[in-house]
Amino acid sequence: MVRLKKEMKGGSKVKVKKETEEERAVRAEMQALQEEEERRKREEQARLRLRQRQLNEERYAKINSIKIHNQWRKIMRLAKVEDLRKEIEILSQNHEREVDRKDAIIQMLDRDLEDAEEQYQMALRSHLMIVDALIDLQYTRVKALEEEFTNSLCALEEEFETERTEIINAHMRQKKDIHDMMAAMEHQFQEVEHDARQEFESQREEIKNRNSEEYNVLKISLESTIEELERHFEQAHQAYLASTDARTQSFRQLTKNDAASARIIEKRMRKLIRLQDSLAHWRTKIATNSREWEERNRSLRNEKDIMSRHYQELKGGMNRFRGAEGERLKQLSINSGTCIKELEKKLKRAEKILQLAELNRKMETEQEKVLPFYKGITEEGEASGSSEGVNLLKAEKPADGEQPETQEEGKVMLHSWGSTEDGHAVEEWDYLTRFFQRYNKVAMDKAAIEKEKVRLSSENEDLRSILKQYLDGISVNEDVINNPGNPLMMVNNKLKLTAPTAAAPTLQYEFQKAN
């Protein structure tokens, strides 16, 4: 813009030129922008001056409010201090009386605690004596059960050994009888075989002698016939030789061969005859003996089957007996293990009960330590009604043979059932009567303590509120000032400034107006 003005001035010196419509519009727009900028600067300066005045007014209002609050605090503090002093005197007197009362209670409780400790020691000694006696009783019962189990086991083992010995002896006897029968049969078979062999040898000798005689007779006849024929043959031969010498030589050779063949055939025929005779004899012998031995084998086979069935029956019975006895022994072992575990559980539960009783003993009062059990109304009413059941229970329980009827003086009678102090038996449904009596008394004490706790809590809350009011009256902070029930704003127990937040602008306005 400045440069445009210079150009315009320089141009005017040289020559004057008319402005166009566009130049006039540009110049008007620039002038409007310049005026708008100056107006904004004036508005900004006015805004800064107003902001400064506002800050000054706020600072002055804050200072005036502080001065007014300080004046009010001085006036209210003096009034509140007097009231709190009176209340503190009353509270201190009440506190001293309460402290004296608590000291007296503590001394009384200390004396009760000493007496209770003595009674606890005495009761603990008696309790330990009773527990030792119960443990001895349990040991004796367990030992008796163990001896009974040992005796039963020994009896079963002896019975098993006797039956086993009898079975083995019977088996040995039967085995011996079978061996004797087999030896007798073998001896009988050998005798029969010897007789058959002797008979065979005798028949063989007879046949041999008969054959030898027949052979000799036949030989003699044949020899005579042969000699006769030889003579004829010799004559014919001589005649023949004269005619045919070559044929004669071949005939001789054939004759020799025929004689050798005849001898061989004769030997084989005799051997074949002997073998056929022997075969027929042995076939008849085998047929005779086979029928006899088949009968004997059949009878022996039947006896063997009978003995095998009897042996299998005995073996099955023995296995069943062994299985049954094993099952009984296993069941007995399982029952004994279960009994031991149950006894251990009961022992742990009893030890836990005793520990809890020892812990509970510390919380008992002097009266509970001296008289731990008291007679209730129901107990007195039921005493007359249950006398017959008690007498019946007393008559039944000693019948087990475990407890003696009399006892020596100075020794404690131990039972497996509950009994009263005078030795009478207690019904099973009355075992927990004393426990419920003490439990009910503890429940009532607990309810009373909870009620007292509620009362003391409410009293403590009241004292805390009083103490808080006192501390709020002697201290100044933002929470105390913003509290509508601020004790500093009270004069003669009347609240003068009910709404501090709403009253503050009014006071500031009045102060500014006064200025």
Side-chain angles (χ1 to χ4, degrees), residues 120-166 318 320-361 372-373 389-435 438:
Y120 168 72
Q121 294 295 333
M122 181 175 64
L124 180 62
R125 287 193 294 272
S126 64
H127 172 70
L128 292 176
M129 292 173 63
I130 293 171
V131 169
D132 293 336
L134 289 173
I135 291 172
D136 295 335
L137 176 62
Q138 183 65 23
Y139 283 161
T140 54
R141 291 183 65 185
V142 171
K143 188 174 180 181
L145 290 173
E146 186 176 359
E147 290 178 356
E148 183 179 357
F149 171 73
T150 306
N151 294 330
S152 300
L153 183 62
C154 292
L156 289 173
E157 289 179 352
E158 291 177 357
E159 184 179 357
F160 174 75
E161 289 295 331
T162 53
E163 291 182 356
R164 181 172 178 272
T165 305
E166 291 176 358
M318 186 171 64
R320 287 193 296 273
F321 177 74
R322 285 179 180 176
E325 294 298 324
E327 289 293 332
R328 288 180 58 190
L329 181 61
K330 182 169 69 176
Q331 190 66 28
L332 182 61
S333 302
I334 293 171
N335 292 334
S336 63
T338 306
C339 182
I340 291 171
K341 291 180 181 178
E342 291 293 333
L343 291 175
E344 289 178 354
K345 289 180 181 178
K346 290 182 179 179
L347 180 61
K348 290 180 181 179
R349 185 181 296 175
E351 291 177 354
K352 187 177 180 180
I353 291 171
L354 294 177
Q355 292 175 0
L356 293 175
E358 291 178 358
L359 294 174
N360 192 21
R361 186 72 178 175
F373 305 104
V390 171
N391 293 329
L392 181 60
L393 186 62
K394 289 172 62 181
E396 290 177 355
K397 287 184 177 178
D400 296 335
E402 296 179 358
Q403 302 294 334
E405 296 182 356
T406 59
Q407 59 179 356
E408 297 180 0
E409 296 182 356
K411 293 185 178 180
V412 180
M413 175 67 77
L414 300 177
H415 303 281
S416 61
W417 62 86
S419 61
T420 58
E421 295 178 356
D422 53 357
H424 295 292
V426 181
E427 293 291 342
E428 186 176 358
W429 53 82
D430 291 333
Y431 281 170
L432 298 176
T433 301
R434 291 187 173 183
F435 169 76
R438 298 190 70 181

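Inter-residue side-chain proximity for R322 and M318 is flagged as met; some heavy-atom pair is nearer than 4.5 Å. Between Q138 and L347 there is no side-chain heavy-atom pair separated by less than 4.5 Å.
Interatomic distance, K341 NZ to S336 OG, rounded to the nearest 0.5 Å: 10.0 Å. Rounded to the nearest 0.5 Å, atoms CG (L137) and CG (D132) are 12.5 Å apart. Atom-to-atom distance recorded for E147:CD and S152:OG is 11.5 Å, nearest 0.5 angstrom. K348 contributes atom NZ, which lies 14.5 Å from atom CD1 of I353 (distance to the nearest 0.5 angstrom). Put simply, CG on L145 and SG on C339 are 7.0 Å apart, with the number rounded to the nearest 0.5 Å. Atom CG of L156 sits about 11.0 Å away from atom CG of N151, to the nearest 0.5 Å.
For the side chain to side chain donor-acceptor pair (under 3.5 Å) test, no residue two or more places apart in sequence or in another chain qualifies with R164.
More than 12 heavy atoms of other shown residues, nucleotides or ligands fall within 6.0 angstrom of atom CD in Q121.
In summary, K143 and E146 do not engage in a salt bridge, as defined by a charged side-chain N under 4.0 Å from a carboxylate O.
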>> side chain to side chain contact (heavy atoms under 4.5 Å, CB included) for L153 and L329? Distances and angles first, verdict last.
In response: CA-CA 9 Å; L153 183 62; L329 181 61; 4.1 Å; yes
